[in-house]
There are 2 protein chains.
Amino acid sequence: MAPKQAPVRKPAPELVRDGLRASILAGEFEAGYQLRQDEVAEQFGTSRIPVREALRQLESEGLIVFHPNKGAVVKGLSLEDVLEMLDIRIALETRALKLAIPNMAVEDLDAAQEILDRYDAASEPDAWGEMNWNFHWTLYAPCNKSKLLSMIEANYGHVSRFTRRQVSRAAGKSRPQKEHHELLDLCRQGKIEKAVDLLERHIEQTQKSLQATSRLTDPAR
Amino acid sequence: MAPKQAPVRKPAPELVRDGLRASILAGEFEAGYQLRQDEVAEQFGTSRIPVREALRQLESEGLIVFHPNKGAVVKGLSLEDVLEMLDIRIALETRALKLAIPNMAVEDLDAAQEILDRYDAASEPDAWGEMNWNFHWTLYAPCNKSKLLSMIEANYGHVSRFTRRQVSRAAGKSRPQKEHHELLDLCRQGKIEKAVDLLERHIEQTQKSLQATSRLTDPAR
DNA sequence: TCTCTAAATATTGCATAATTATTTATCCGC
DNA sequence: GCGGATAAATAATTATGCAATATTTAGAGA
């Protein structure tokens with residue numbers, strides 16, 4: 001039997017879902033934007049049926065909201081919502097870190113170190129976000145818990161959609177980066193409790209930065 | 001203007017989704033059971049279109065799995081999967097407890113106490129599960145984080161589908177219940193760190209019980 | 001009897017069509 | 001002009017139908 005490449009044709013609903021999700025997370029739509037079904041259908045070259053299935057999944061993921069008989073709109077998040085998602089980041093990521101540290105290999109630590117070095121060298125704030133996340137992810141991945149990791153990824157995607165530019169600039173680079181180095185050191189030394197505590201404070205710092213910048217942005221609310 | 005009751009008719013996909021989810025979580029289907037679209041549609045008195053939307057949502061929730069061109073089956077979980085979900089319980093619930101304790105009112109503590117008293121009096125293991133969860137929930141609810149709480153609820157639903165009978169019987173009543181009393185005391189005294197630590201160990205205990213009973217159940221694997 | 005193949009059957013996937021709800025436009029009285 | 005009712009247009013929702021894929025059954029040959 002020839003090792004025939006499985007002719008995997010992804011079902012339409014999944015293509016639409018993945019495409020829309022990428023667009024939404026990339027910030028291509030503003031909050032409240034209405035996703036018209038025939039429009040999306042035409043864009044993906046299908047009928048509205050697969051589109052509706054995709055939209056329902058994105059609804060379950062919390063990216064859009066369905067209004068009965070009025071369609072789906074891209075979900076907006078309040079400051080409180082984002083702060084809560086940062087609490088969820090703390091919850092999930094501290095657990096992942098705790099489980100990951102005993103499993104960390106030298107390569108994992110080296111990879112994290114390398115990211116930090118590049119981070120140190122980088123000057124444009126726009127690049128910080130991605131490197132920041134790569135570093136965190138490198139620390140969590142060794143926990144080897146696929147569901148936990150995918151929840152972390154999904155939650156971070158939501159958060160970053162709203163904090164992308166704001167936080168990294170506001171918080172600056174030096175303080176978070178200092179904490180990153182400390183965090184990596186603690187991982188190296190296997191100091192689980194201290195590392196977890198630091199990570200918690202590290203993300204709480206993001207909460208504070210966000211609150212501070214938001215207070216500046218809309219002082220009335 | 002008359003205070004007319006809004007004639008809110010829930011859309012079909014949501015009815016089907018909620019109905020199927022309840023059935024699955026109640027354990028009415030065994031893992032691997034195929035949910036035929038015609039069958040479900042007839043059961044709910046609709047066509048297959050809303051059913052497909054409901055199934056897609058349940059897929060996103062992790063309750064079923066879609067196999068292209070073969071339909072949807074109720075998802076089964078391995079021991080590792082359930083243990084991982086208990087890790088997620090620890091992650092989410094320790095955070096919720098930490099945030100809840102400063103907000104706990106006397107009524108919250110009294111409600112929790114009352115559940116424990118009824119728990120002490122109950123003799124049938126089948127009732128333990130629900131009371132156990134009511135107690136935990138009462139401790140988390142004051143955190144006032146709706147998304148965190150709904151994640152906790154969803155995750156617990158998945159776990160309990162597989163641990164319902166197994167764990168509560170295997171672990172017995174006395175040890176978990178002793179920990180419940182301790183936990184409530186720590187909440188009363190506002191000892192956040194100690195309470196969180198105890199909760200973590202409490203759920204880890206469930207992991208151990210589960211591993212122990214599973215080792216007894218299928219010794220080969 | 002067993003196995004392989006092919007027809008029959010069942011089921012999914014998706015497009016089209018019909019229905020229903022909502023929004024927008026138009027008209028009329030004031 | 002300004003409401004307010006009515007009609008047209010628009011969009012969402014759901015039903016139906018058909019093609020594609022998978023599964024089962026039946027039959028032929030060893």
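Residue numbering restarts at 1 for every chain, and letters A, B, ... go by the order of the sequence lines. This structure is a prediction, so every number in the text was calculated from the model and none was measured.
Only A/I49, A/R52, listed by number, bring a heavy atom of residues 49-59 of chain A to less than 4.0 angstrom from any atom of DNA chain D. The stretch residues 30-37 of chain A touches DNA chain D through A/Q34, A/R36, A/Q37, each having a heavy atom under 4.0 angstrom from the strand.
Position along DNA chain C of the nearest nucleotide to A/K70 versus A/R48 favours A/R48 as the more 5'-ward residue. When each of A/A12 and A/N69 is assigned the nucleotide of DNA chain C bearing its nearest heavy atom, the one mapping closer to the 5' terminus is A/A12.
Between the NE2 atom of B/H67 and the P atom of D/dT23 there is a distance of 11 Å, rounded to whole Å. Rounded to whole Å, atom C1' of D/dT16 lies 12 Å from atom CG of B/D38.
Every residue meeting the side-chain hydrogen bond (donor to acceptor under 3.5 Å, both in side chains) condition with A/E200, not counting sequence neighbours, appears here in chain and number order: B/R95, B/K98. Partners of B/A72 under the side-chain contact (heavy atoms from CB on, under 4.5 Å) rule, at least two apart in sequence or in another chain, are B/L55, B/I64, B/F66. Every residue two or more places apart in sequence or in another chain that forms a side-chain contact (heavy atoms from CB on, under 4.5 Å) with A/P68 is listed here: B/P11.
Taking a cutoff of 4.0 Å between a charged side-chain nitrogen and a carboxylate oxygen, B/K145 and A/D87 qualify as a salt bridge. A salt bridge is absent between A/E84 and B/K147; no separation between the charged side-chain nitrogens and carboxylate oxygens falls under 4.0 Å.
Contact between B/I152 and B/A96 at its shortest, heavy atoms only, is CD1-CB, 3.6 Å.
Look at B/S47 and you won't find any side-chain N or O under 4.0 angstrom from OP1 or OP2 of D/dT14.
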For B/R36 and B/R48, what are the C-alpha separation, side-chain angles and deciding distance, and is it a side chain to side chain contact (heavy atoms under 4.5 Å, CB included)? CA-CA 10 Å; B/R36 277 195 216 85; B/R48 283 173 20 225; over 6 Å; no

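The number of heavy atoms from other shown groups lying within 6.0 Å of CD (A/E28) is above 12.
Side chain of B/D108 to backbone of B/A105: a donor-acceptor contact under 3.5 angstrom is found.
Side-chain polar atoms of A/Q57 and B/E59 form a donor-acceptor pair below 3.5 angstrom.
Heavy-atom contacts of chain A under 4.0 Å fall on DNA chain C between two terminal nucleotides, which in 5' to 3' order are C/dC14 to C/dT23.
A heavy-atom distance below 4.5 Å is found between the side chains of B/C143 and B/L149.
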